Amino acid sequence: MPAEGERQMANEQWGPLAGLVGTWESGFDGLDISFHNDSGKIAETPFRETTTFIPFGPVENGDRSLYGLDYRTGAWRQGEENPFHSEVGYWMWDGANKQVMRCFAFPLAVTLIAGATVEPDATSFRLEAVLGSNTYGILSSRYLDEVARTTRFEVTVTLGGDTYSYDETIVVEHRKSQTIIMHTDRNTLTRVN
C-alpha cells in the first residue's frame with residue numbers, strides 16, 4: 001500500500017485522474033441504449049466491462065507538464081465471446097490549466113477529444129466534445145459522416161474510492177432512421193487491482 005506522501009504526490013501530478021489508476025470490472029450491470037440495425041429500433045443491451053488505466057508522465061509540452069493514463073476498455077454482451085464495444089486512448093491532466101482531457105478512438109473509425117476545466121480534487125466531473133470544435137471535437141470516417149454522423153459527446157464521471165461510474169451520451173444524426181439518436185452508455189465498475 002502506498003505511503004501517504006506517495007498518494008499526495010500522485011494526486012498532485014494526476015489531479016482528479018489519480019483515482020482511476022488500476023483495473024476495473026463490472027458484472028452485467030452496464031446498460032447500452034442505442035439504435036440496433038438488425039431491428040431498426042432503439043433497444044437496451046446489458047453488458048459487462050473491463051477497463052485498465054495505466055499512469056504515465058510527465059509529458060513535457062513547452063512550459064506545461066501533462067500527466068496521463070493510457071487506457072483500454074472492452075464491453076461484452078451476455079453469452080458473447082468477442083466484445084461488442086472497445087476503445088483505446090488517453091486521459092490527460094493539465095494541472096496548470098485545470099484541464100481534464102479524454103482522447104480516444106472507437107474501431108468504427110470515430111475519434112474524439114473531450115475535455116473540461118476540472119478542480120484537482122474533484123471526484124465528479126463532466127467532459128464534452130462537439131463536432132466542428134477546434135479544441136474538444138469529433139472526427140469520423142467518410143462513411144459514418146454520411147450515414148451516422150456523431151455531433152456531440154458528453155460524459156459524467158464519478159469516483160468513489162474503489163468504484164468508478166460513468167454516464168455518457170453520444171448524439172448521432174442517423175440517416176437510415178432519419179432521426180437524431182441519443183446513444184447512451186452507463187456503468188459502475190469496481191477496482192480489481
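Please read all numbers here as calculations on a predicted model, not as lab measurements.
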Open item on the list: With side chain to side chain contact (heavy atoms under 4.5 Å, CB included) as the criterion, how do T73 and E49 come out once you've worked through the C-alpha distance, each side chain's angles and the decisive distance to 0.1 Å?
Closed with: CA-CA 7 Å; T73 284; E49 183 172 7; 3.3 Å; yes

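- In this structure, the ring-ring contact (aromatic ring centres under 6.0 Å, His included) partners of H174, at least two apart in sequence or on a different chain, are F35.
- Under the 4.5 Å side-chain contact rule for hydrophobic residues, V88 and L17 do not share a cluster.
- Side-chain contact between V157 and W91 is present, with at least one heavy-atom pair separated by less than 4.5 Å.
- Applying the 6.0 Å contact sphere to CZ of R72 captures no more than 12 heavy atoms from other residues, nucleotides or ligands.
- Residues M182 and I33 are not in side-chain contact: their nearest non-hydrogen atoms beyond the backbone lie 4.5 Å or more apart.
- A single hydrophobic cluster is seen to contain both F153 and L144, as judged by linkage of ILVMFWY side chains at heavy-atom distances under 4.5 Å, directly or through other members.
- The CD atom of E128 lies 14.0 Å from the CD1 atom of I113; values are rounded to the nearest 0.5 Å.
- Between D94 and M101, the closest heavy-atom pair is CB-CE, 3.8 Å.
- Residues E60 and S65 approach most closely at OE1-OG, 2.8 Å, considering heavy atoms.
- With Y90 as the fixed residue, the ring pair (Phe, Tyr, Trp, His ring centres under 6.0 Å) test singles out one of Y67, F56, F104: F56.
- Rounding to the nearest 0.5 Å places CD of E173 at 13.0 Å from CZ of R152.
- In the hydrophobic cluster analysis, where Ile, Leu, Val, Met, Phe, Trp and Tyr join through side-chain heavy atoms closer than 4.5 angstrom, I54 is grouped apart from L20.
- Listed by chain and residue number, T23, E25 satisfy the side chain to side chain contact (heavy atoms under 4.5 Å, CB included) test with V192 (two or more places apart in sequence, or in another chain).
- In this structure the side chain of V100 reaches within 4.5 angstrom of the side chain of F125, judged on heavy atoms.
- Of the possible polar contacts, none joining the W24 side chain to the T163 backbone as a donor-acceptor pair under 3.5 Å is found.
- A donor-acceptor distance shorter than 3.5 angstrom exists from the side chain of R191 to the backbone of G19, with no hydrogens or angles considered.
- Under the 4.5 Å side-chain criterion, counting only non-hydrogen atoms from C-beta, S34 is not in contact with I181.
- Nearest heavy atom pair, residue R77 against residue F84, reads NH1-CB, 3.2 Å.
- Ionic pairing of E146 and R175 is not present here: no N-O contact between side-chain nitrogen and carboxylate oxygen is shorter than 4.0 angstrom.
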Task: Step-by-step side chain to side chain contact (heavy atoms under 4.5 Å, CB included) determination, Q99 to R64 - done: CA-CA 12 Å; Q99 294 291 295; R64 297 181 316 150; over 6 Å; no

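- S140 OG to F106 CZ: the interatomic distance, rounded to the nearest 0.5 Å, is 9.5 Å.
- How far OG1 of T169 is from NE2 of H183: 9.0 Å, rounded to the nearest 0.5 Å.
- When the side-chain hydrogen bond (donor to acceptor under 3.5 Å, both in side chains) test is applied to D29, no partner is found at least two apart in sequence or on another chain.
- Two different hydrophobic clusters hold L131 and I180 under the rule that ILVMFWY side chains link at heavy-atom gaps under 4.5 Å.
- Summarising the geometry of S124 relative to T158, their closest heavy-atom pair is OG-OG1, 3.3 Å, with the distance given to 0.1 Å.
- Closest non-hydrogen pair, P16 versus V118, comes out as CG-CG1, 3.8 Å.
- Linking Ile, Leu, Val, Met, Phe, Trp and Tyr residues whenever their side-chain heavy atoms come within less than 4.5 Å leaves V147 and L139 in two separate clusters.
- Heavy-atom neighbours of Q178 CD from other residues, nucleotides or ligands within 6.0 Å: at or below the threshold of 12.
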TODO: Please report the C-alpha distance between L127 and E154 in whole Å, then the side-chain angles of each, then the deciding distance to 0.1 Å, and finally whether the side chain to side chain contact (heavy atoms under 4.5 Å, CB included) criterion is met.
DONE: CA-CA 6 Å; L127 308 178; E154 300 172 354; over 6 Å; no

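- Using modelled atom types and a 3.5 Å distance limit, the side chains of E168 and T184 yield no donor-acceptor pair.
- Between D185 and H85, the closest side-chain pair of non-hydrogen atoms is not below 4.5 Å.
- Side-chain contact between E119 and K98 is present, with at least one heavy-atom pair separated by less than 4.5 Å.
- N187 has its side chain within reach of Y166: a pair of non-hydrogen atoms, C-beta onward, lies under 4.5 Å apart.
- Interatomic distance, CD1 of I138 versus CD1 of I170, reported as 8.0 Å (0.5 Å rounding).
- Nearest approach of L69 to W14, heavy atoms of both residues: CD2-CD1, 4.0 Å.
- Put simply, the side chain of P83 does not reach to within 4.5 Å of the side chain of F47, judged on heavy atoms.
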